[in-house]
Amino acid sequence: MTLILTHADVLVTMDANRREIADGALVAEGPAIRWVGATADLPAAWRARIDDGSAQVLDMRGHVVLPGLINTHHHMYQSLTRAVPAAQDAELFGWLSELYMLWANLTPRMIAASTRTAMAELMLSGCTTTSDHLYLYPNGARLDDAIEAATQMGMRFHAARGSMSVGRSKGGLPPDAVVEQEEAILRDSRRLIEQYHDASRHAMLRVVLAPCSPFSVSRELMRESAAMARHYGVSLHTHLAENDNDVAYSLERFGMTPAQYAEDLGWVGHDVWHAHCVKLDADGIALFARTGTGIAHCPCSNMRLASGIAPVRAMRDAGVPVGLGVDGSASNDGAHMLGEARQAMLLQRVGHGPAAMGAREALEIATLGGAKVLNRDDIGALAPGMSADIVAFDMSAVGYAGAGHDPVAALVFCTPGTVSISVINGRVVVRDGVLLSADLPTVLTEHRRMARELVSARR
């Protein structure tokens with residue numbers, strides 16, 4: 001099917017020249033973009049497709065069109081445990097300690113329901129590609145449960161096979177009841193890669209190996225996961241240097257900073273990205289820049305848990321690949337990618353002054369930055385040959401009133417809005433702000449019921 005967008009007030013390409021095209025147009029066929037330019041320059045062959053009705057046409061008057069936003073870090077199951085009272089005012093380690101045993105009651109149906117809800121929230125915020133870091137597998141839960149739900153939702157998905165293997169009895173943070181045996185973790189990791197991973201261009205599903213953190217897995221698991229990932233050509237992901245306690249644990253347990261530990265394990269390179277890195281030191285920033293190691297910046301979660309302000313300005317200036325992540329919905333309690341871009345901009349200004357980050361740089365981090373972190377060159381920009389992941393925001397919404405002077409900047413400076421149009425892999429999945437790939441009221445009804453069941457199971 002041919003999809004043609006016309007008459008966008010501004011079409012933000014994020015291409016090599018960062019073009020912003022007034023009265024912009026775009027043509028996609030199947031999963032890929034074929035042409036981008038001004039509506040007046042639309043080639044005759046495509047105009048004929050509009051005239052004879054053989055193309056699906058979206059009139060984008062009054063809209064800003066841009067590449068789909070890319071979420072590089074999430075824990076979707078946590079959408080079932082938002083605003084749990086006991087964890088509202090804790091830092092990372094205390095927060096985890098309160099919630100681990102609650103999450104021990106997760107079921108396969110809860111994993112699927114939370115994935116659908118989290119993806120619906122992301123899609124309505126302008127996100128078209130997401131990673132999810134699932135590192136608990138109680139009661140028969142599998143990563144397959146999330147993968148099947150993602151397929152139903154029609155979202156581009158990097159499914160991260162997380163794991164925890166070092167419980168409290170061995171000096172780790174998680175209770176022994178929620179960890180797995182390392183042999184089983186590696187066996188399942190291999191199965192998932194062989195069954196699901198798609199390395200092709202425009203792939204809708206890729207598998208990532210993602211031992212949870214230095215305080216919940218062994219050196220051996222980190223090294224063996226890296227060896228397996230490189231054998232199969234898949235990416236690696238974990239948490240690193242999230243707060244002061246995280247750094248102190250690494251120094252006491254391993255005698256190394258988090259960045260030194262990552263390097264010692266072989267966890268650096270263009271195929272690796274680390275979540276948070278709030279406390280990454282200057283040497284760590286230089287290491288990541290030198291090796292092309294990526295970072296998922298999660299500003300809302302970092303503020304919620306009082307972890308600090310990640311040195312994103314220094315990271316970007318050094319050449320470190322940086323993307324955005326909404327993180328788990330129990331440490332952010334929201335999953336709005338445009339809102340996350342806004343917070344990224346504002347938080348850098350809090351730490352480093354009003355010129356520390358602009359709106360366009362925040363959008364670049366949310367698109368091209370995320371693509372680079374996920375080790376992809378087919379998403380993050382609107383250009384011929386790129387994946388047809390396209391979103392549009394209606395600038396007539398009340399939140400943008402008076403912001404027509406610079407509608408692109410308005411997307412970040414103003415109150416984050418709901419996406420008007422979303423296209424993923426050439427398929428329209430949101431139209432006029434309505435999700436088309438699932439019945440949202442039904443999804444939310446099931447999710448609310450399971451959230452109640454999960455919390456009640458602890459009592």
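In this chain, residues are counted from 1 in sequence order.
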S.K.: I'd like to know if Arg219 and Asp264 make a salt bridge, using a cut-off of under 4.0 Å between side-chain N and carboxylate O.
M.R.: yes

S.K.: Looking at Gln181, I'd like to know if its CD atom is crowded, meaning that more than 12 non-hydrogen atoms belonging to other residues, nucleotides or ligands lie closer than 6.0 Å.
M.R.: no

S.K.: Can you tell me if CD on Glu183 sees more than 12 non-hydrogen neighbours from other groups inside 6.0 Å?
M.R.: no

S.K.: Under 3.5 Å, is there a donor-acceptor pair linking the side chains of His63 and Ser420?
M.R.: yes

S.K.: Is there side-chain contact between Val178 and Trp103, with at least one heavy-atom pair below 4.5 Å?
M.R.: no

S.K.: Looking just at side-chain N and O atoms, do Ser307 and Glu242 make a donor-acceptor pair shorter than 3.5 Å?
M.R.: no

S.K.: Is there a side-chain contact between Met14 and Leu66, using heavy atoms and a 4.5 Å cut-off?
M.R.: no

S.K.: Just one of His237, His133, His73 clears the ring pair (Phe, Tyr, Trp, His ring centres under 6.0 Å) bar with His276, so which one?
M.R.: His73

S.K.: Who pairs with Pro299 by side chain to side chain contact (heavy atoms under 4.5 Å, CB included), at least two apart in sequence or on another chain?
M.R.: His297, Leu324, Glu340, Gln343, Ala344, Leu347

S.K.: Mind checking whether Gln348 and Ile309 have side chains closer than 4.5 Å, heavy atoms only?
M.R.: yes

S.K.: Test: ring-ring contact (aromatic ring centres under 6.0 Å, His included). Region: residues 161-192. Which pairs qualify, not counting sequence neighbours?
M.R.: none

S.K.: Please tell me whether Ser79 and Ser329 have a donor and an acceptor in their side chains that are separated by less than 3.5 angstrom.
M.R.: no

S.K.: Among Val320, Ile285, Ile295, Asp317, find the residue that satisfies the side-chain contact (heavy atoms from CB on, under 4.5 Å) test when tested with Pro311.
M.R.: Ile285

S.K.: Verify whether the ring centers belonging to Tyr135 and His75 lie closer than 6.0 Å.
M.R.: yes

S.K.: Under 4.5 Å between any side-chain heavy atoms of Met155 and Cys127, yes or no?
M.R.: yes

